[in-house]
Amino acid sequence: MTTLEAPATDAATDNLAALESEAIHIFREVAGEFDRPVILFSGGKDSTLLLHLAIKAFWPAPVPFPLLHVDTGHNFDEVIAFRDHVVEKYGLRLIVASVQDWIDDGRLTERPDGTRNPLQTQPLLGAINDNKFDAVFGGGRRDEERARAKERIFSLRNAFGQWDPRRQRPELWNLYNGRHRPGEHVRVFPLSNWTEADVWNYIAREKVELPSIYYAHERKVYRRDGMWLTEGPWGGPRDSEEVQELSVRYRTVGDGSCTGAVESTATTVEEVIAEVMASRLTERGATRADDRLSEAAMEDRKREGYF
């Protein structure tokens, strides 16, 4: 009697295939259930991966949703250039909600510390309301931060854009509940079950293009609160902060005033993966000053309507 053995499979490959399949299923579920979805897109690695998955979900048809970027005015030049390059390459529609516009007309006030990350909430909610978006895709992952670990893949927001953990809905057997009242919307997180290592392994497998600052490069930086920050329109360094030129890269990108670089020599995807696997801190824990404002900084912002 002849027996057939199952071919050996690579566990990591199977895991990426399962994560990809889940994300594509979520995109298609939203397309069938909601009227006006939008994808949050900053040009960072997670939102770029999100867009890559959306393109695969609907290929050969175009992505049926516009992109929305909440622009703090304190972004890295390389990331904004990459954002515009991607929009042009795929013929996408980009909506920009500008924090600077809200400051200029008096709807927001500049913070004393110069950071604009916490100021993104109101322009985001304004863009959602103005465009009547009922589903908003975000690149949040549960491994990033404890508040994000609480959130479901379909996360209901009330008419004020606020998140209430007590209104979380069960998600059993990949069944997602998108019901919402007029004025409410749902935040959707197709990457919820991905880790930073998964993201980078998938980027390597799919050869996803990213902004150059995700790889090691020489940059003038200064040390503040345990992070390497760089000069920009947000100000700095202070008189006591010494500027050094180091080989660094960014694990995450956001408002330049609160997003730090890490010392690195990783110039390829494979070298970045090796660094990520060796790290004991998430990218937000290591490089985002805005998450250090309090123990519940992220959860407080999410309750107000943040990403």
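These numbers come from the heavy atoms of this one structure, side chains and all, not from hydrogens, waters or symmetry mates.
Taking hydrophobic clusters as Ile, Leu, Val, Met, Phe, Trp and Tyr residues chained together by side-chain heavy-atom distances below 4.5 Å, Val99 shares a cluster with Ile95.
For the pair Val199/Lys45, a side-chain contact is recorded, criterion being any heavy-atom separation below 4.5 Å from C-beta on. Residues Pro190 and Glu22 are not in side-chain contact: their nearest non-hydrogen atoms beyond the backbone lie 4.5 Å or more apart. Within the 4.5 Å cutoff, the side chain of Val86 has no heavy atoms near those of the Thr48 side chain. For the pair Ser47 and Leu49, the minimum side-chain heavy-atom distance is 4.5 Å or more. Here the side chains of Val243 and Val221 are not in contact, with every heavy-atom distance at 4.5 Å or above. Counting heavy atoms from C-beta on, the side chains of His217 and Thr267 never come closer than 4.5 Å. Side-chain contact check for Asp46 versus Leu191: some heavy-atom pair is nearer than 4.5 Å. Contact annotation: the side chain of Lys56 approaches that of Ile24 to within less than 4.5 Å [non-hydrogen atoms, C-beta and beyond].
Considering Arg169, Arg187, Arg157 as possible partners of Glu151, the one that fulfils the salt bridge (Lys or Arg N to Asp or Glu O under 4.0 Å) test is Arg157. When the options Arg224, Arg223, Lys220 are evaluated for a salt bridge (Lys or Arg N to Asp or Glu O under 4.0 Å) with Glu241, the one that passes is Arg224.
Nearest heavy atoms, Val186 versus Gly178: CG2-O, 4.0 Å. Closest of all the heavy-atom pairs between Ala127 and Leu68 is CB-CD1, 3.9 Å.
Evaluation of the side-chain hydrogen bond (donor to acceptor under 3.5 Å, both in side chains) rule for Ser192 yields no partner, not counting sequence neighbours. Partners of Glu231 by side-chain hydrogen bond (donor to acceptor under 3.5 Å, both in side chains), not counting sequence neighbours: none found.
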Mind running ring pair (Phe, Tyr, Trp, His ring centres under 6.0 Å) on Tyr250 and Phe76 for me, showing each step along the way?
-> CA-CA 11 Å; Tyr250 286 85; Phe76 297 97; 4.7 Å; yes

Apply salt bridge (Lys or Arg N to Asp or Glu O under 4.0 Å) to Glu275 and Arg251, showing your working.
-> CA-CA 10 Å; Glu275 283 191 356; Arg251 291 178 66 184; over 6 Å; no

Intermediate values then yes/no, side chain to side chain donor-acceptor pair (under 3.5 Å), Asn131 and Arg36 = CA-CA 8 Å; Asn131 292 277; Arg36 295 180 64 83; 4.9 Å; no

Apply side-chain contact (heavy atoms from CB on, under 4.5 Å) to the pair Asp84 and Leu94, showing each step before the final yes or no.
-> CA-CA 9 Å; Asp84 295 342; Leu94 174 67; 4.3 Å; yes

What's the verdict on side-chain contact (heavy atoms from CB on, under 4.5 Å) for Val248 and Val262, showing C-alpha distance, side-chain angles and the deciding distance?
-> CA-CA 5 Å; Val248 299; Val262 295; over 6 Å; no

Go through the steps for Val253 and Tyr214 under the test side-chain contact (heavy atoms from CB on, under 4.5 Å), then give the verdict.
-> CA-CA 9 Å; Val253 297; Tyr214 278 106; 3.5 Å; yes

Go through the steps to decide whether Tyr215 and Leu210 satisfy the test side-chain contact (heavy atoms from CB on, under 4.5 Å), and finish with yes or no.
-> CA-CA 9 Å; Tyr215 303 100; Leu210 292 179; 4.0 Å; yes

Can you list the steps and then say if Asp71 with Ser98 is a side chain to side chain donor-acceptor pair (under 3.5 Å)?
-> CA-CA 5 Å; Asp71 185 355; Ser98 170; 5.6 Å; no

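Between the side chains of Glu263 and Trp228, at least one donor N or O lies within less than 3.5 Å of an accepting N or O. Between the side chains of His69 and Arg83, a donor-acceptor pair is found at a separation under 3.5 Å. Side-chain contact check for Thr195 and Asp143: no donor-acceptor pair (N or O, by modelled atom type) lies under 3.5 Å. Using modelled atom types, one finds a donor on one side chain and an acceptor on the other under 3.5 Å when comparing Asp198 with Asn15.
Remark: Glu218 CD is packed, more than 12 non-hydrogen atoms of other residues, nucleotides or ligands lying under 6.0 Å away. For Arg93, the CZ atom counts as loosely surrounded, since its 6.0 Å shell holds 12 or fewer non-hydrogen atoms of other residues, nucleotides or ligands.
Between the Glu184 side chain and the Arg181 main chain, a donor and an acceptor come within less than 3.5 Å of each other. Using modelled atom types, one side-chain atom of Arg28 and one backbone atom of Ala57 make a donor-acceptor pair closer than 3.5 Å. Without hydrogens or angle criteria, Gln120 side chain to Asn117 main chain gives a donor-acceptor distance under 3.5 Å. Here the side chain of Ser247 pairs no donor or acceptor atom with the backbone of Ala216 at under 3.5 angstrom.
Cation-pi contact between Arg116 and Trp234: absent, since separation from the ring centre below 6.0 Å together with deviation from the ring axis within 45° is not met. Judged by the 6.0 Å distance and 45° axis criteria, Arg141 is not positioned over the aromatic ring of Trp194.
Taking the six-membered ring where tryptophan is involved, the planes of Phe58 and Phe27 are perpendicular, since the angle between them exceeds 60° and thus also 30°. Using a 30° and 60° split on the angle between ring planes, Tyr202 and His52 fall in the perpendicular class, above 60°. Classification of the Phe137-Phe65 ring pair by plane angle, with boundaries at 30° and 60°, yields tilted.
A distance of 10.5 Å separates CZ in Phe154 from CG in Leu175, rounded to the nearest 0.5 Å. Here Phe133 contributes atom CZ and Leu124 contributes atom CG; the two are 10.0 Å apart, rounded to the nearest 0.5 Å.
For His185 and Phe34, the ring centers are positioned 6.0 Å apart or more.
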